[in-house]
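Convention: sequence-line order gives letters A, B, ...; per-chain numbering from 1.
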Protein chains: 2
Amino acid sequence: MDKTRIARNATSPRQGAQAIRRALAVLRILAAGREDGVPLAEVIRAIGLTRPTVHRIIHVLIEEGIVERHERTGRYAVGNQVPELALARPRPSRLLIAANPSLQRASTEIGDTLFLTVRTGNDTLCVDRRIGIYPIQVLSIEIGARRPLGVSSAGVAILAAVPAQDARKIVAANEKRFEAYKTDVATVLGEVTAARRLGYGLREIGLVQGTKSISTWIKTPDGRPAAAITVSAVRTRLGPRREQEVAEILLREARSIEQAIGG
Amino acid sequence: MDKTRIARNATSPRQGAQAIRRALAVLRILAAGREDGVPLAEVIRAIGLTRPTVHRIIHVLIEEGIVERHERTGRYAVGNQVPELALARPRPSRLLIAANPSLQRASTEIGDTLFLTVRTGNDTLCVDRRIGIYPIQVLSIEIGARRPLGVSSAGVAILAAVPAQDARKIVAANEKRFEAYKTDVATVLGEVTAARRLGYGLREIGLVQGTKSISTWIKTPDGRPAAAITVSAVRTRLGPRREQEVAEILLREARSIEQAIGG
DNA sequence: CTCGTCTTGTCCATAATATGGACAAGAACG
DNA sequence: CGTTCTTGTCCATATTATGGACAAGACGAG
């Protein structure tokens, strides 16, 4: 019985909740600041709203216990009521359970640091990490680390698995945030295209000096990429030959995880 | 109709974010439903708003990934983006770390099931559980269980440690929700008064048939109760003599935890 | 010290938003 | 095939959230 319907799928069509959406956008920005949080000015920059609006939203969230302010620094961070609400869900998540054996296998096989990263909105979020046996490990990325889709090899891999048009939209939406990571729309789109051709995501110049990362994407049964597995190592550990080996292991385990969440 | 003269210091005074507050209130109600979630009608009942408003809020939260709808049942539950946001915080929390040795000690000493419960708004939330060695254990309450302050012995204990006036306000605010737990304002206030006299919270008739619970409160350095430790056991295991013993252990450990979070 | 340049916080007229009464439609039951 | 549940939608309008302008505090330089 639907007649003339305005595009329901493109962007969020539901009216009458601007404030709620804005509050959540603020919260996601604060989440990217992890424990240390984010100063107000930076939130304003990232979200593109006016100072009074952002200020009011944050302070209401503080009153509600959703946001905390650090006494020392004045920065705003995710409050302790958020994990309290999270307790309503079963832990660990299905993905974590499904990925566990694969991460175990790949970690012992490869020996370098492994990450499991999910897509959440326009961000990547590291949800699991395995440290390998090789004495030099890249540990810069911790569980909970959140970055704009596109700046990490995991983000590039996930974008490569998204329909090209959607990928472009996501990258465009993250444009403002790329500056902080010293990249830009064109670079990211180039990397995404390369990853699509290669079959896996690659970052020759990692977020940390002298490291290199390889990521493969994991799709849900409906064909949308939900996550990525990544190996990070010092660059010399990942020459062309070993890159090939590692990529094959990651591809194998990505398929294995897809099986586990699909069946 | 300008009767906006509500106490400015007691409850949240900040204006201009009604929708955000409402959305969070909805989310807390959904959190009480844990994995199974809550039907829309029940949310409406619990929150006292109109159907269109609640409906709109929930569906916006779904679009944002904060709420999920279960395909089968049609119930609404906390979505997977909530734990994702929670990853921004250090885990486990300071309280959990501080309480750990006490729970360990008390658990081996007592042998019955132990709970650590925090206050969050007008709710109690179970955040840790230890199973004892005695063969019959009360396992009905799981980590993440959320109930109105006042219906569990932990809630009674926390209310007993709050200034009487505040306790009355909280209980009044929870009035509508008490029905579902077969209690009422008068009963709860009576139990709170009794707990204040005794020095610990007590529930002769537990939420589960034939069980009994004892709870002691834990205050933060600024004197406000933040949590409670509870022992639950089949009633026959907690006669007057043993009640005394158990209460003493719980009181001792409550003080110990207060030390740990205070220093 | 005074100015400049950061930052965060507040006021309030008003435009825009969120509200809820009324209605619709589907499901389960007898 | 009505009754009574449930969830979902519309839209005029009054309540709400908005943001321009201003304030105030912190810090450093001259």
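- DNA chain C is contacted by both A/Val38 and B/Arg51; A/Val38 maps to the nucleotide lying nearer its 5′ end (nearest heavy atom per residue).
- Side-chain atoms of B/Thr113 come within 3.5 Å of backbone atoms of B/Val138 as a donor-acceptor pair (strictly under, hydrogens ignored).
- Picking from C/dG9, C/dG21, D/dG20 the nucleotide with the shortest atom distance to the side chain of B/Pro52 gives C/dG21.
- Two residues are said to be in side-chain contact when any heavy atoms from C-beta on lie closer than 4.5 Å; A/Leu149 and A/Val171 fail this criterion.
- Side-chain proximity of B/Arg22 to the nucleotides C/dG20, C/dT7, D/dT7 is greatest for C/dG20.
- Across the protein-nucleic acid pair, A/His55 atom NE2 and D/dA23 atom P stand 17 Å apart, rounded to whole Å.
- Regarding A/Glu42, its CD atom lies at a distance of 10 Å from the P atom of C/dT7, rounded to whole Å.
- For A/Glu68 (side chain) and A/Ala77 (main-chain N/O), no donor-acceptor pair under 3.5 Å exists by modelled atom type.
- In this structure, the side chain of A/Arg89 engages the main chain of B/Val78 through a donor-acceptor pair within 3.5 Å.
- Taking 4.0 angstrom as the limit, B/Gln18 places none of its side-chain polar atoms (N or O) nearer than this to OP1 or OP2 of C/dT17.
- Between the side chain of B/Thr120 and the backbone N or O of B/Asp123 there is no donor-acceptor pair closer than 3.5 Å.
- Taking atom CD on B/Glu71 and atom P on D/dT7, their separation rounds to 14 Å, with Å as the unit.
- If you take CD1 of B/Ile20 and C1' of C/dT19, they are 16 Å apart, rounded to a whole angstrom.
- Look at OH on B/Tyr76: it is 3 Å from P on D/dG8, rounded to the nearest Å.
- With rounding to whole Å, B/Ile57 atom CD1 is found 16 Å from D/dT9 atom C1'.
- Comparing B/Leu49 and A/Arg56, the nucleotide of DNA chain C nearest to each residue sits closer to the 5' end for A/Arg56.
- Across C/dG21, D/dG19, C/dT8, the shortest atom-to-atom separation from the side chain of A/Thr53 is found for D/dG19.
- Atoms CZ (A/Arg21) and P (D/dT16) sit 20 Å apart, rounded to a whole Å.
- Straight-line distance from the CD1 atom of B/Ile58 to the P atom of C/dA18: 17 Å, rounded to whole Å.
- Heavy atoms of B/Arg69 sit under 4.0 angstrom from primed sugar atoms or phosphate atoms, though from no base atom.
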